[in-house]
Amino acid sequence: MSERAYRPQEIEPKWQKKWEEQQLYRTSTDASKPKYYVLEMLPYPSGTLHMGHVRNYSIGDALARYKRMQGFRVLHPMGWDSFGLPAENAAIKNKRDPGEWTRANIANMKRQLRSFSFSYDWEREISSCEPEYYRWNQWFFLQMWKKGLAYRKQSLVNWCPECATVLANEQVVNGCCWRHEQTPVEQKELEQWFFKTTAYVEDLLCDLDELEGGWPDRVISMQRNWIGRSEGTEVDFTLEGSDEMVRVFTTRVDTIFGATCVILAPQHPWVAEFGMAEKAAPMIAAQKDKAADDLEKDGFFTGKYALNPYSGEKVPIWVGNFVLWGYGTGAIMAVPAHDQRDFEFCRKFGIPVVPVIQPADGELPKAEDMIEAYAEYGIAAVCGQWSGLPSAEAKAQMTAFAEEKGFGEGAITYRLRDWGVSRQRYWGTPIPMIHCPKCGTVPVPEKDLPVRLPENVELTGVGESPLKTVPEFVNVACPECGGPAEREADTMDTFVDSSWYFYRYCDPKNDQAPFSTENAAAWFPIDQYIGGVEHAVLHLIYCRFWTKMMRDLGLITWNEPASRLFTQGMVIKDGAKMSKSLGNVVSPEEMVGQYGSDTARAFSLFAAPPDRDLDWQDSGVEGMSRFLARVYRLVTRHADDQAAPSASPANDADKAALRKLHQTIERVTADFDSRWHFNTSLAGIMELTNELYALEEKLSPGVLAECLRRLTLLLEPFAPHLSEELWEALGEQGPVLDVAWPAYDAELAKDDSVEIPVQINGKMRGKVTMAVDASQEEVVAAAKADENVARHLEGKTVRKTIYVPGRMLNLIVG
RNA sequence: GCCCGGGUGGCGAAAUCGGCAGACGCAGGGGACUUAAAAUCCCCUUUCCGCAAGGAAGUGCGGGUUCAAGUCCCGCCCCGGGCACCA
């Protein structure tokens, strides 16, 4: 027996080096094994790894290791996002090249990650910010262009006249530029590129059913809401004194007899036509301003009137700040009596309220008594020929009527809009298009890909787009006519990169195609995708769209990229999400230096279940470190025992130890296969360790040897360096990753006695220890023999006996 | 406002199917070892009453179902996240 101190600072580098040399994490090509593709969401290269990352990667890594020990061929790749805006801002601030900045950050993140020995297949590393990758972004762009899925249109952007640059919505503060707090943000029309996500809107919605069970319910419901399908009717109102018509969308055409005005979005073309664009401009800016949370309803009368096609009634046309240009037709009919928003608007501006729907079991509300709109379905009361019909029936008949008369039709609208991919930034994938004065918009020929970013561009943060200022980049010959033309200077949104990176992992070096169908088919769909819930609607819609688009290009045959999704909780520190910008980061480097990476990763899993937010407190780390050292001492002091492992108990202590061992194996295995509550897995392993400490002296050497070996294997997914070190100390051959996960033996795990709580009238009065197969009579007899139970039964009759075998006895007395 | 989560000891949490509330760990207390300290090992630790045996209360609040509720049902309150005038 020898006792050694646990020194992770020595052990971990030793195994890191060995594993690198062995290329331990390279993906197996053994096709006889079932595949398992596990992936954490692409990290952005912020340059600083924090405990939030470590927790995320520890979850995926524990799973990857477990699956590998279970005999799977595991793909667990690692990649890097290009993260455009921060790169560019850093470049402007520090006068550095954004590429250099990004690459330096990636190198730093990589170095820090490697000290944890996460089981990434570094051979399959990709960087989505390198030309080899954006070549294929461009290739996809061209395919979409051919199919009409990529198009260009005029679109309003936030514009700061001071910087002469485009602002993202979050850069608008109180209607002003974030850098020039006195300068109001303007709206500017720019030609922007879009991907037609709406072409797949029904697919995106219907296929959510396919994901049910594999994806968290809340993500599915967030996506449903985001897509926002609603059925209704489009109806034309005629402008008084002209033939022009304005189309409105409504889900409640049955209320149209109560329409008392038409309200246009401030961006509506009629507003400009009426010469009121200037009056509407501040409203548009206010709509885009994220800081103005609850915008008060505002509007103005245009002086014009429209005619209701059902009643022929003349109603005023208004402009309202709460009407959205991007939804429906950008114009509404206001029915104040039956829509709360319309009610607020009309009451504010003195527009009449006309109730036309009455509750099924009540009276038609009186306008002067109403304090809020009656928005429920009811009975059409004052609705011309449809009066008397229930709302649903009236809706159907009135829509049919509009179709018959040609002034409207049934319509489905979606909240989901096309994906604007244009960015007026330097650091991103250049859009492979050329504008020719003669030929129009012409795609760059595929043989000329990739279109590379020009080097040595000075970034100022001023001006429409940095690439526009580089003549060598912009001035090109038109590929069709050879005449002088201009290259598109916008770059692509970085969400494009993350929409298909996981396909590229299957074939990262392919220079003929984004990936080969065969290689992707070998791994897809992703068996387990892991990431933060903050991606529930953007990334996770875009990448689903991309998969469907690739399916229609004939590249793949499946509908969905990932069959299972796990959303892990955030790491909270001092009441806020841990992030570099908030300065509440716990540095893993420091923790690794002090306790080692095994401690850091095991603790990040032990502190809370992975799907729950984790309130970070340093105080528990010590305990995890103590536990690992405790295991280390226990195993190393018996490492030289020379006993052959044995699962045949020779005494009661052996039996108890083997029972605990197999109960723990069952528990940890079940956690991996279902809930991933690694905190309870680790608690179980701690209990096993405590039990072995208690029984240590009494165990026969073979059984002890057996228990120590299984314990070592159980630790592998959580503390791989320690596990490997102990495995070697025990004289076994590694790497542990290639050793089979311990099998669970139900016979050995079985308890031979069980403690049964005894209740009287539902109150705990004692416990009896019984054989597992004891009958109800035996249990009742034993219970009555218990001193305390007998005392409570004194002078009373047992009226009812409830016995749940092996669990509980409840005696009802009166 | 709508849609998701969540609320359990001094703290992080556990209780997987309605069946012993608080596993495991932290912090705290006590003991052993030590000249001493650290480290280690062992014990105690929901609250209140009690010397103890034991008793009472207890999972955000108020009701309900049940032999039995942290868990199921109805009505609220609070915290976190997401979406937000979606016609």
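In what follows, every chain begins at residue 1, and chains take the letters A, B, ... in the order their sequences are listed.
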Given [options], the nucleotide with the shortest approach to the side chain of [X]:
X: A/Arg633; options: B/A87, B/U40, B/A56; answer: B/U40
X: A/Glu687; options: B/C67, B/C24, B/G54; answer: B/C24
X: A/Phe322; options: B/A68, B/C85, B/A56; answer: B/C85
X: A/Asn679; options: B/G82, B/A14, B/C67; answer: B/A14
X: A/Arg218; options: B/C4, B/A87, B/C24; answer: B/C4
X: A/Asn225; options: B/A13, B/A87, B/C3; answer: B/C3
X: A/Ala683; options: B/A87, B/A13, B/A23; answer: B/A23
X: A/Met686; options: B/A14, B/C24, B/G82; answer: B/C24
X: A/Trp226; options: B/C67, B/C83, B/G12; answer: B/C83
X: A/Ser221; options: B/G19, B/A87, B/C4; answer: B/C4

Rounded to the nearest 0.5 Å, how far does [atom2] of [Y] lie from [atom1] of [X]?
X: A/Gln759; Y: A/Leu811; atom1: CD; atom2: CG; value: 9.5 Å
X: A/Leu688; Y: A/Leu714; atom1: CG; atom2: CG; value: 7.0 Å
X: A/Phe300; Y: A/Ile263; atom1: CZ; atom2: CD1; value: 12.0 Å
X: A/Phe603; Y: A/Arg55; atom1: CZ; atom2: CZ; value: 10.5 Å

Do the side-chain N or O atoms of [X] get closer than 4.0 angstrom to the phosphate oxygens (OP1, OP2) of [N]?
X: A/Arg807; N: B/C67; answer: no
X: A/Arg765; N: B/G55; answer: yes
X: A/Lys767; N: B/G19; answer: no
X: A/Ser230; N: B/A87; answer: yes

Could you state the [atom1]-[atom2] distance from [X] to [N], rounded to the nearest angstrom?
X: A/Leu811; N: B/A68; atom1: CG; atom2: C1'; result: 13 Å
X: A/Phe345; N: B/A87; atom1: CZ; atom2: C1'; result: 13 Å
X: A/Leu682; N: B/A14; atom1: CG; atom2: P; result: 13 Å
X: A/Leu264; N: B/A87; atom1: CG; atom2: C1'; result: 13 Å
X: A/Arg626; N: B/A39; atom1: CZ; atom2: C1'; result: 10 Å
X: A/Arg252; N: B/C85; atom1: CZ; atom2: P; result: 21 Å
X: A/Arg247; N: B/A87; atom1: CZ; atom2: C1'; result: 15 Å
X: A/Arg417; N: B/A84; atom1: CZ; atom2: C1'; result: 13 Å

Over all strands shown, is [X] touching base, sugar-phosphate only, or nothing at heavy-atom distances under 4.0 angstrom?
X: A/His792; result: sugar-phosphate
X: A/Asn321; result: base
X: A/Pro216; result: nothing
X: A/Val323; result: base
X: A/Asn788; result: sugar-phosphate
X: A/Gly328; result: nothing
X: A/Asp217; result: nothing
X: A/Arg415; result: base
X: A/Arg224; result: nothing
X: A/Tyr693; result: sugar-phosphate
X: A/Ile812; result: sugar-phosphate

Can you tell me, in whole Å, how much space there is between the [atom1] of [N] and that of [M]?
N: B/U65; M: B/C72; atom1: C1'; value: 8 Å
N: B/G62; M: B/C77; atom1: C1'; value: 10 Å
N: B/G18; M: B/G31; atom1: P; value: 46 Å
N: B/C73; M: B/U40; atom1: P; value: 47 Å
N: B/G7; M: B/A14; atom1: P; value: 9 Å
N: B/G19; M: B/A15; atom1: P; value: 13 Å
N: B/G30; M: B/A38; atom1: P; value: 13 Å
N: B/A23; M: B/U46; atom1: C1'; value: 15 Å

Pick the nucleotide of RNA chain B nearest each of A/Ser674 and A/Lys763; which residue has the one closer to the 5' end?
->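 Between the two, 5'-proximity favours A/Ser674.
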Of A/Asn690 and A/Val537, the one whose nearest nucleotide on RNA chain B sits closer to the 5' end is A/Asn690
Does [N] have a Watson-Crick or wobble mate here (both distances under 3.5 Å), and if so which one?
N: B/C17; answer: none
N: B/C85; answer: none
N: B/C24; answer: B/G12
N: B/A57; answer: B/U46
N: B/C41; answer: B/G31
N: B/G5; answer: B/C79

Decide, yes or no, whether a salt bridge links A/Arg675 with A/Asp671 under the criterion of side-chain N to carboxylate O below 4.0 Å.
-> yes
Going by an N to O cut-off under 4.0 Å, is there a salt bridge joining A/Glu231 and A/Lys395?
->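 The answer is no: the pair does not qualify as a salt bridge.
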Using the ring of each side chain (for Trp, its six-membered ring), is A/Phe672 parallel, tilted or perpendicular to A/Tyr66, with breaks at 30° and 60°?
-> parallel
Classified by glycosidic angle (syn within 90° of 0, else anti), B/G9 comes out syn
Anti or syn - B/C24, cut at 90° from 0 |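 Base orientation relative to the sugar is anti.
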Polar side-chain contact A/Lys800-B/C67 base: donor and acceptor under 3.5 Å =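 Checked by distance alone, the answer is no.
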Neighbour count above 12 (heavy atom, 6.0 Å) for A/Arg807 CZ = no
A/Leu793 side chain reached by A/Lys784 side chain, heavy atoms, under 4.5 Å | yes
Heavy atoms of A/Arg544 and A/Leu208 approach each other most closely as NH1-CD2, 3.4 Å
